[in-house]
Each structure stands twice: as structure tokens, then as C-alpha cells.
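For ligands, and for the atoms within them, numbers begin at 1 and follow the listed sequence. All values derive from a computational prediction rather than experimental measurement. Atoms considered below: every heavy atom in the structure, side chains included; atoms not considered: hydrogens, waters and symmetry mates.
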Amino acid sequence: MIGFPVGIFVANGMEWYFHKVWLHEFPSKNRNSPFFTHIAHHKRARLNDFHDEGYAESMFKNSEMYNEKSALIGLAAASTIFLPVAPFFTAGLYYGIWNYWKVHAKSHLDPEYAKKRIPWHYDHHMTSNQNANWCVTKPWFDYIMGTRVMTNVSITETNPLAINMPKWLEKRVNLVARRLLPKAYAQIDANTQFDQQNLRQGIEVAL
Ligand SMILES: [Zn+2]
Ligand SMILES: [Zn+2]
Ligand SMILES: [Zn+2]
């Protein structure tokens, strides 16, 4: 049973890794790669206040949707190798992959939802530095890796788990997180300040 949350946690790490390395770093060097469509997704989101109407279209009519969906289906298929030994873990991975698609698509059709419910992804698209905030469903690995950058354009989560909890518990979670990840938090605080400064000066970091 513990395998299920572990699977969700690993899927969050996959979001961070694939988004950063394969959707940003790789296509920015290889413009002919099919993942270059993600850079186009960024352009469109920025020009349309986070809206991307492509997410309302069928994957068979829109090549970007086709690429993103078939990559996710491929990942889910590859995850199946764990099924015989760790069924709950595999279920956690499947859930994580499905939830990624659901949340990401919904957010780009409803920017107000994104601002409130996944502010880290709103920040990923709309702030001066789009090379940060790699997670989509939950910001966990951005806290672990120190790549969360908070901005004033969205409503920042009040704890790194991004789960609603009573104030007294939240205070403790925040304290423990800062104690466990001092380096990551130092980076997050510094980059957040730097980003706010850039935003005020209208500086946009190239993708
Ligand atoms: Zn991106
Ligand atoms: Zn995307
Ligand atoms: Zn997006």
C-alpha cells in the first residue's frame, strides 16, 4: 500500500526531470526535435495571459497535444515493467502521469484556477525566468532541488507540500522543511528576490 504514495512521489520527480531536461534543455539546443512544441506552448501562454486553447483540441488535430499525450502514454507503458513486482507503486505512477495531464490541461484552459491551485506552474510561464518551477501537479521536487521561484503574479502556496492543513501543523511543516533543505531554501529565497527585481525592471530571461 505504501507503494502508491511512493509512486506519486516518484512521478513528481519525473515531472521535474522530464520537463526541465527534455521539454526545455533538449529542444532549446535541438530546434527540430518534436519537443520543440513545448517552447511554442510557452510562447502562446505568454501572449495569451496563460491561456492555451490547444488543450481544448483533439490530439489528432493538434500536433502539440499529440506529442505531449503520446509521450505520456509511452511513459505509462514503460512504467508497466514494475507492475508484477510493485503493483501499488505502478498504480501511483499511472495516477501521477494521468493527473499531470488533467491538471496541466485544465490550468491552461482556466488561468484563474492555475493562479490559485498550481501557482508554481503559473509562475513557470508568466514570470521573468521561465527556467524554474519545473513541477506541475505539486511543487515537491522544486523545493527539494531548490528550483521554486515565488512571484507576485500568482497566489503562492503556504507550505511546500501544497496541501491544505491547519495553521499549527503548517508552521511545523515549514520549519522542518527549512531545516531539512537549508541549501535549497537559500537558493529559493535568493532566486525569488532576483526574479522580483527582474520583473520590476521588465527583464525577461531568454528560454
Ligand atoms: Zn515549460
Ligand atoms: Zn506543457
Ligand atoms: Zn504549461
Side-chain angles (χ1 to χ4, degrees), residues 11-59 61-75 96-157 162 187-188 191-192 194-195 198-199 203-207:
N12 190 258
M14 283 161 55
E15 273 179 15
W16 187 92
Y17 170 78
F18 282 107
H19 188 187
K20 179 176 189 286
V21 174
W22 291 101
L23 297 181
H24 280 255
E25 290 169 4
F26 183 75
S28 67
K29 284 177 224 126
N30 302 278
R31 302 217 142 217
N32 296 323
S33 114
F35 299 127
F36 191 73
T37 54
H38 187 75
I39 307 293
H41 164 57
H42 270 262
K43 294 242 159 75
R44 219 171 16 257
R46 247 177 128 84
L47 289 172
N48 296 293
D49 296 312
F50 197 79
H51 257 289
D52 186 347
E53 282 306 317
Y55 283 92
E57 284 174 36
S58 150
M59 68 184 277
K61 284 193 186 142
N62 182 317
S63 66
E64 286 177 36
M65 298 306 123
Y66 185 84
N67 289 348
E68 197 167 346
K69 253 190 189 168
S70 44
L72 291 170
I73 291 166
L75 266 181
I97 292 167
W98 171 79
N99 196 40
Y100 165 87
W101 174 264
K102 199 188 70 169
V103 168
H104 191 228
K106 184 176 162 71
S107 76
H108 283 289
L109 294 172
D110 184 358
E112 284 309 308
Y113 162 87
K115 248 186 224 184
K116 277 181 234 139
R117 301 294 295 278
I118 53 164
W120 45 89
H121 193 62
Y122 195 85
D123 297 344
H124 173 64
H125 281 285
M126 303 308 288
T127 192
S128 86
N129 183 5
Q130 296 172 72
N131 295 306
N133 301 308
W134 305 111
C135 292
V136 173
T137 56
K138 292 282 178 196
W140 303 335
F141 270 79
D142 280 314
Y143 280 95
I144 293 168
M145 305 302 283
T147 48
R148 178 77 177 99
V149 171
M150 286 92 153
T151 79
N152 297 327
V153 297
S154 67
I155 299 154
T156 305
E157 67 281 12
Q187 203 178 320
I188 290 167
N191 287 342
T192 294
F194 184 62
D195 191 83
N198 275 350
L199 210 56
I203 296 169
E204 201 178 296
V205 179
L207 257 183

Notebook entry, point to check: How wide is the angle at the Zn ion (ligand 3) between NE2 in His121 and NE2 in His41, to the nearest 10°?
Noted result: 180°
Next item on the list: To the nearest 10 degrees, could you say what angle the Zn ion (ligand 3) makes with NE2 of His108 and NE2 of His125?
Entry: 100°
Note to self: Rounding to 10°, state the angle centred on the Zn ion (ligand 1) that links NE2 in His124 with NE2 in His19.
What the structure shows: 80°
Next item on the list: Could you check whether the rings of His121 and His108 sit parallel, tilted or perpendicular, using 30° and 60° as the cut-offs?
Entry: perpendicular
Next item on the list: Give, rounded to 10 degrees, the angle between NE2 (His42) and NE2 (His38) as seen from the Zn ion (ligand 1).
Entry: 100°
Checklist line | Residue among Arg44, Lys69, His38 satisfying side chain to side chain donor-acceptor pair (under 3.5 Å) with Glu64 | finding: Arg44
Checklist line | Atom of Glu157, atom of Ala162 and distance for their closest heavy-atom approach | finding: CB-CB, 4.3 Å
Margin query: Under a plain distance cut-off of 3.5 Å, with no hydrogens placed, do Glu68 and His41 share a side-chain donor-acceptor pair?
Written below: no
